[in-house]
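As structure tokens, the structure follows; a few thoughts come after it.
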2 protein chains.
Amino acid sequence: MDLSERKLKILQAIIADFIRTAEPVGSRTLSKNYDLGISPATIRNEMSDLEELGYLTHPHTSSGRVPSEKAYRLYVNQMMNKHELTMEQKCSIAAQLNDNVTELENMVQRAAHVLSEITNLTAFAMTPRKDLDTLKYINLLPVDDYTAVLMLVSESGKVSNKAVRFDKAVSEETLRILAKTMTYNYRGKTLSEALTQDIIEDVQTDAEAMGMLENNIKPSFVKTLEDMLNVNLYMDGLTNIFSLPEYNDLDKARMFLEMVNKKEDFTKTLINRENGVIITIGNENQDELLSDCSVITATYHVNGKQLGKIGVIGPTRMQYDEVTSVIEYLTDNISKAFMITGGDGDDES
Amino acid sequence: MDLSERKLKILQAIIADFIRTAEPVGSRTLSKNYDLGISPATIRNEMSDLEELGYLTHPHTSSGRVPSEKAYRLYVNQMMNKHELTMEQKCSIAAQLNDNVTELENMVQRAAHVLSEITNLTAFAMTPRKDLDTLKYINLLPVDDYTAVLMLVSESGKVSNKAVRFDKAVSEETLRILAKTMTYNYRGKTLSEALTQDIIEDVQTDAEAMGMLENNIKPSFVKTLEDMLNVNLYMDGLTNIFSLPEYNDLDKARMFLEMVNKKEDFTKTLINRENGVIITIGNENQDELLSDCSVITATYHVNGKQLGKIGVIGPTRMQYDEVTSVIEYLTDNISKAFMITGGDGDDES
DNA sequence: GTTAGCACTCATCAAGTTTGAGTGCTAATC
DNA sequence: GATTAGCACTCAAACTTGATGAGTGCTAAC
């Protein structure tokens with residue numbers, strides 16, 4: 001059933017007011033502050049209908065109305081106007097973002113910062129998944145007789161490394177052979193393929209060297225690959241929630257911070273989201289703990305291939321229009337910055 | 001002036017009680033729960049003296065006494081008994097810490113975790129400063145015609161890298177020469193020396209190559225060096241403060257979290273602390289913002305040279321004895337683990 | 001269909017009251 | 001002279017009470 005023009009107008013006014021004030025909205029306030037041309041009593045009747053239809057709720061009998069998740073969903077889908085950023089805002093954002101960029105990690109981190117500053121919410125930014133990246137070469141650099149550094153370099157220029165310890169002294173010559181063997185076996189494989197593929201025996205390597213490969217190098221190799229595959233998650237504006245009336249209760253603030261601090265869980269949640277601009281409201285979120293939050297994410301791309309995400313998390317009462325615009329502007333900027341030369345030679349500092 | 005035996009006993013009891021309950025301690029409670037053998041009235045007289053001497057304070061006229069910073073200082077210096085960890089505690093800590101260690105970063109991070117779990121405070125762990133580490137080799141790995149990865153390897157096995165973009169296409173041969181020149185110039189220099197030393201002209205490099213060194217590589221080189229020098233700070237148990245009555249006020253909790261979130265400032269504060277087990281109470285802390293916190297840090301060493309720190313931050317009311325024991329046990333463990341082979345081939349994942 | 005009017009509800013706030021844990025002082029006791 | 005019992009006093013915290021006001025639903029008039 002479609003809502004009448006008037007009901008839509010009233011609902012929109014309630015949502016706007018509630019997003020601004022965080023207070024339940026009453027019929028009198030509505031008729032006074034919004035140019036609806038009808039009396040409070042009529043508004044009450046309409047609100048009663050809207051409540052029956054599930055768009056509004058009532059904290060208690062004699063309080064104003066609060067938009068439900070269903071209302072926010074309707075608002076986001078149909079009623080939200082495109083919010084244009086001012087020229088100053090755009091310039092300021094671009095300036096902060098592009099100042100002396102050399103690395104994606106850096107820029108992405110700054111995006112989270114800018115986003116949290118503008119929206120006054122908790123922002124996050126995720127570096128791209130490297131699924132399609134392939135191994136280019138593998139090196140073993142001697143440190144002392146028993147220790148070396150295993151170094152992997154990918155086609156896109158990502159470098160990652162870990163220490164390897166050997167049971168016995170190993171010569172530089174042996175290290176070179178081992179590295180050569182590994183490069184021969186893994187070159188051109190994607191990172192995820194390399195994770196599953198076993199080290200193949202090679203004519204040049206003897207039994208002893210093979211043992212080292214299996215027992216000493218393999219664990220570090222796997223960990224390094226996982227490091228390269230893993231996305232990094234930057235968060236900013238965690239303490240912004242203290243300014244929101246929704247979290248002016250210690251328990252709620254605590255729960256929020258504890259949830260967000262579990263970075264691994266949160267990263268998984270993010271990875272599973274679709275690409276593009278995605279808004280999930282309250283219980284639409286998979287994660288039980290996010291059931292009274294809204295999450296907005298958008299995707300940026302590096303070289304048109306690898307995809308990363310940035311976004312915000314906050315109460316269901318948020319400025320969906322403004323936040324969405326800012327996020328979109330940020331992702332556009334990042335995508336542009338890393339389009340031409342494919343400068344994704346990021347490291348993990 | 002020295003305190004009488006009895007005053008010391010009373011003060012100790014007050015401190016013990018206050019650390020446990022966080023409530024001002026009254027004379028009746030004291031005489032009931034502690035075997036002091038004197039009546040509340042006598043205790044009141046003694047407490048009055050102790051207050052005059054600056055060891056106790058009075059939140060308001062008719063409330064119990066609270067230990068002052070001076071009292072905590074006295075307690076820590078003279079009255080605190082050595083708290084022995086139980087065998088189970090030790091085993092549990094050692095197990096969590098040493099499970100499958102390959103890297104210092106990893107172990108240090110886990111130390112912060114264990115520490116925050118046991119103490120229910122906010123714990124932190126700082127990786128060692130690399131001042132004494134020297135450069136071993138410098139490499140430039142081609143990514144595409146305009147991009148390379150600059151890689152530095154130090155004597156201790158630390159590897160760090162950053163992307164370099166060139167104004168024009170650069171051949172692999174050129175990269176090799178550039179890397180060779182840099183290695184020649186910087187090998188054996190400590191990281192901090194390398195930061196200040198300029199690139200010296202070399203017979204093998206022509207003017208064009210020199211220009212690239214200056215304009216394209218230098219910025220990345222400096223950043224990479226700074227990355228290698230920089231300590232990493234891991235924090236854990238941030239939300240533990242929500243369980244403390246000291247922070248059951250939103251503003252206080254917020255201030256604490258905002259302070260601790262400024263990692264750079266906090267790192268500087270930590271670096272400036274002396275080595276060994278250091279306890280600073282309230283206003284003894286340099287940082288204004290820490291004026292109602294106590295901080296305990298201890299130092300671990302890697303190979304007897306590089307020094308890192310771990311510690312906790314919490315209200316001045318904390319279990320100084322227990323916390324100190326745990327921190328000491330942790331630093332001992334880390335130092336032991338990284339003593340023999342000097343396996344500090346950490347990276348920055 | 002719309003609106004004015006009215007009785008009712010309920011969170012919030014301020015003012016007053018009670019309670020109890022604490023103190024300091026004084027006079028009696030050891 | 002040191003210790004203690006007794007008592008008047010203080011003050012935060014918890015509870016009570018009543019007023020206020022923003023809100024509702026319902027009904028009857030427009």
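Keep in mind that this is a model prediction, so the values were computed, not measured. Residue numbers start from 1 in every chain, and the chains themselves are labelled A, B, ... in the order their sequence lines are given, proteins ahead of strands.
- For B:Ser39, no side-chain nitrogen or oxygen approaches OP1 or OP2 of D:dT3 to under 4.0 Å.
- Between A:Phe242 and B:Phe242, the ring planes lie parallel to each other; the angle is under 30°, not in the 30° to 60° tilted range.
- A residue-by-residue look at A:Asn45 and A:Thr29 shows that A:Thr29 has its nearest nucleotide of DNA chain D further toward the 5' end.
- Annotation: of the two residues near DNA chain D, A:Arg65 and B:Gly37, the 5′-most nearest-nucleotide partner is B:Gly37.
- Counting to the nearest Å, the P atom of C:dG24 and the CD1 atom of B:Ile43 are 13 Å from each other.
- Atom NZ of B:Lys32 and atom P of C:dG20 are 13 Å apart (whole Å).
- Of the charged side-chain nitrogens involved, at least one lies within less than 4.0 Å of a carboxylate oxygen, so that A:Lys7 and A:Asp49 count as a salt-bridged pair.
- B:Arg28 has no side-chain polar atom (N or O) that falls below the 4.0 Å cut-off from OP1 or OP2 of D:dT4.
- Distance, A:Arg44 CZ to D:dA22 P: 14 Å, rounded to whole Å.
- Dashed line: the shortest gap from a side-chain N or O of B:Ser62 to OP1 or OP2 of D:dT10 is not under 4.0 Å.
- Of the possible donor and acceptor atoms, one in the side chain of B:Thr119 sits under 3.5 Å from a partner among the backbone N and O of B:Leu115.
- The side chain of A:Ser27 contributes an N or O atom lying less than 4.0 Å from OP1 or OP2 of D:dT24.
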